[in-house]
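For the numbers below, each heavy atom of this structure counts, side chains included, while hydrogens, waters and symmetry mates do not.
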Amino acid sequence: MFLLVNFPVLAYRPFGTEDAGVAGKGVVQAEASFDYLKWNDGTAENVFVVVPIYGLTDNIELSAELPYMLHRPAAGALESGAGDINLVMKYLLASEGECSPAFAVKGVAKLDNGDFSRGLGSGDKDYSFFGVASKTFDRFIIHSHLGYAWVGKSQNAALRDISLFGLAVDCALTDACHLLAEINGNRHPDSTATEDPRNWLVGISNKLSDKLIWDFAGRGGLSMASPDWSLTTGLSATL
């Protein structure tokens, strides 16, 4: 993810690519994570995120991304505080069949609560919509999404609306341990930018119990518009 305009990464951890699964009616889940991001110009961020998830119906899932950020610019003082919150609804359109993938749609409203003057938020509300597909092939699960975001422009008239994409693979090495990989990116929201953000991820997840999963992954930038590298780790729990 990139933090100039903080677009959502609310797939199952540690993916940024969305999956078509939903929690299920009455199911409460939570994710907690820590990310370290290093940019090419020396800027660094630590991001702590808590994500509560609730299954409103068998097909509708509600969630929120609640970040707390430590922003270290290449030159200047350390800033810390709450980042922009994402409010999310995901709707499962069709469950996976023998020959067909599961399909879902996701809508996201990004708030403007992060302090723009301190580098903790974009200073604007944004809205995005995603189409999502997931398909199982033996020990492999493939996830993909295509999205579009309407970007708030009151703080910067040079910003533009953007498209987003993601493709991820989850490979079950054992019933508990999974190998994870993905490529995702988006059009740069700055209309003057010459490159678009593109990222890769490689990681693992390990099922610690029936209700708890731990994950760890590394990300790298495939363009100068992305963080040079980042690390992420987190826990996902069914409560």
Look only at the side chain of Arg139 and the backbone of Ala172, and say whether a donor-acceptor pair between them is shorter than 3.5 Å. yes
Side-chain contact, heavy-atom cut-off 4.5 Å: Leu167 with Ile142? yes
Any side-chain heavy atom of Trp200 within less than 4.5 Å of one from Glu182? no
Testing Arg118, Glu79, Glu45 one by one against His71 for a side-chain hydrogen bond (donor to acceptor under 3.5 Å, both in side chains), which residue passes? Glu45
In Å, rounded to the nearest 0.5 Å, how long is the span from CD of Glu195 to CE of Met224? 7.0 Å
Distance (rounded to the nearest 0.5 Å) between Leu111 CG and Asn86 CG: 7.5 Å
Quick check: closest heavy atoms across Asp112 and Gly123, and the distance to 0.1 Å? CB-C, 4.0 Å
Membership question, hydrophobic clusters at under 4.5 Å side-chain separation (ILVMFWY): are Tyr36 and Phe48 in the same one? yes
Less than 4.5 Å apart, side chain to side chain, heavy atoms only: is that true for Trp150 and Asp126? no
Is it true that Asp84 and Lys110 have a side-chain N and a carboxylate O under 4.0 angstrom from each other? yes
How about Asp124 and Ser122: does a side-chain donor come under 3.5 Å of a side-chain acceptor? no
Answer yes when Asp228 and Lys38 have at least one side-chain N-carboxylate O distance shorter than 4.0 Å, and no when they do not. no
Glu61 vs Ile53 side-chain heavy atoms within contact, under 4.5 Å: yes
Going through the distances and angles, do Glu18 and Lys90 end up as a side-chain contact (heavy atoms from CB on, under 4.5 Å)? CA-CA 10 Å; Glu18 188 57 75; Lys90 183 162 61 169; 3.0 Å; yes
Distance (rounded to the nearest 0.5 Å) between Cys177 SG and Lys207 NZ: 13.0 Å
Have Asp170 and Tyr12 got a donor and an acceptor in their side chains that come within less than 3.5 Å? yes
More than 12 heavy atoms of other residues, nucleotides or ligands under 6.0 Å from CZ of Phe34: is that the case? yes
Do Leu146 and Ile162 sit in one hydrophobic cluster, given that two such residues count as connected whenever their side-chain heavy atoms are within less than 4.5 Å of each other, even indirectly? no
In one Ile/Leu/Val/Met/Phe/Trp/Tyr side-chain cluster, 4.5 Å: Ile141, Phe15: no
Would you give the length of the straight line joining atom NZ of Lys125 to atom CD1 of Ile85, rounded to the nearest 0.5 angstrom? 11.5 Å
What I want to find out is whether Asp215 reaches Arg13 closely enough, with some N-O distance under 4.0 Å, to be called a salt bridge. yes
Residue pair Val22 / Tyr91, side-chain heavy-atom distance below 4.5 Å: no
Least distance between heavy atoms, Ala20 atom then Val132 atom: N-CG1, 3.6 Å
Locate the shortest heavy-atom distance separating Ser223 from Arg198; write the atom from each residue and the value. OG-N, 3.7 Å
I'd like to check Leu37 versus Trp229 (side-chain heavy atoms, cut-off strictly below 4.5 Å). Are they in contact? no
Do Thr136 and Glu96 pair up side chain to side chain, a donor and an acceptor below 3.5 Å, judged on atom types alone? yes
No-hydrogen, no-angle side-chain donor-acceptor test under 3.5 Å, Asp190 and Thr192: yes
Is there side-chain contact between Ser205 and Leu180, with at least one heavy-atom pair below 4.5 Å? yes
Is a donor from one side chain sitting under 3.5 angstrom from an acceptor on the other, for Thr232 and Asp35? yes
On a heavy-atom basis, the closest approach of Asn186 and Pro189 is ND2-CD, 4.3 Å
Determine, for Lys153 against Asp161, whether the closest basic-nitrogen to carboxylate-oxygen distance falls under 4.0 angstrom. yes
Please find the pair of heavy atoms, one from Ile60 and one from Thr57, that lie closest to each other, and give the distance. N-OG1, 3.0 Å
State the NZ-CG distance between Lys106 and Asp19, to the nearest 0.5 angstrom. 9.0 Å
Between OG on residue Ser236 and CD1 on residue Ile213, distance to nearest 0.5 Å: 6.0 Å
Between Phe137 and Val169, is there a shared hydrophobic cluster once you connect ILVMFWY residues whose side-chain heavy atoms come closer than 4.5 Å? yes
Between Asn199 and Ser226 the two heavy atoms that sit nearest each other are OD1-CB, 3.2 Å
CG/Asp210: more than 12 non-hydrogen atoms of other groups inside 6.0 Å: no
Assigning hydrophobic clusters by single linkage (Ile, Leu, Val, Met, Phe, Trp, Tyr; side-chain heavy-atom cutoff under 4.5 Å), is Leu208 placed with Ile204? yes
Classify the ring geometry of Trp214 against Phe216: parallel below 30°, tilted from 30° to 60°, perpendicular beyond 60°. parallel
Side-chain contact test, heavy atoms from C-beta onward, threshold under 4.5 Å: evaluate it for Leu235 versus Ser33 and give yes or no. no
Output field: ring centroids Tyr148/Phe129 closer than 6.0 Å: no
His145 and its ring pair (Phe, Tyr, Trp, His ring centres under 6.0 Å) partner, picked from Phe165, Phe103, Phe130: Phe130
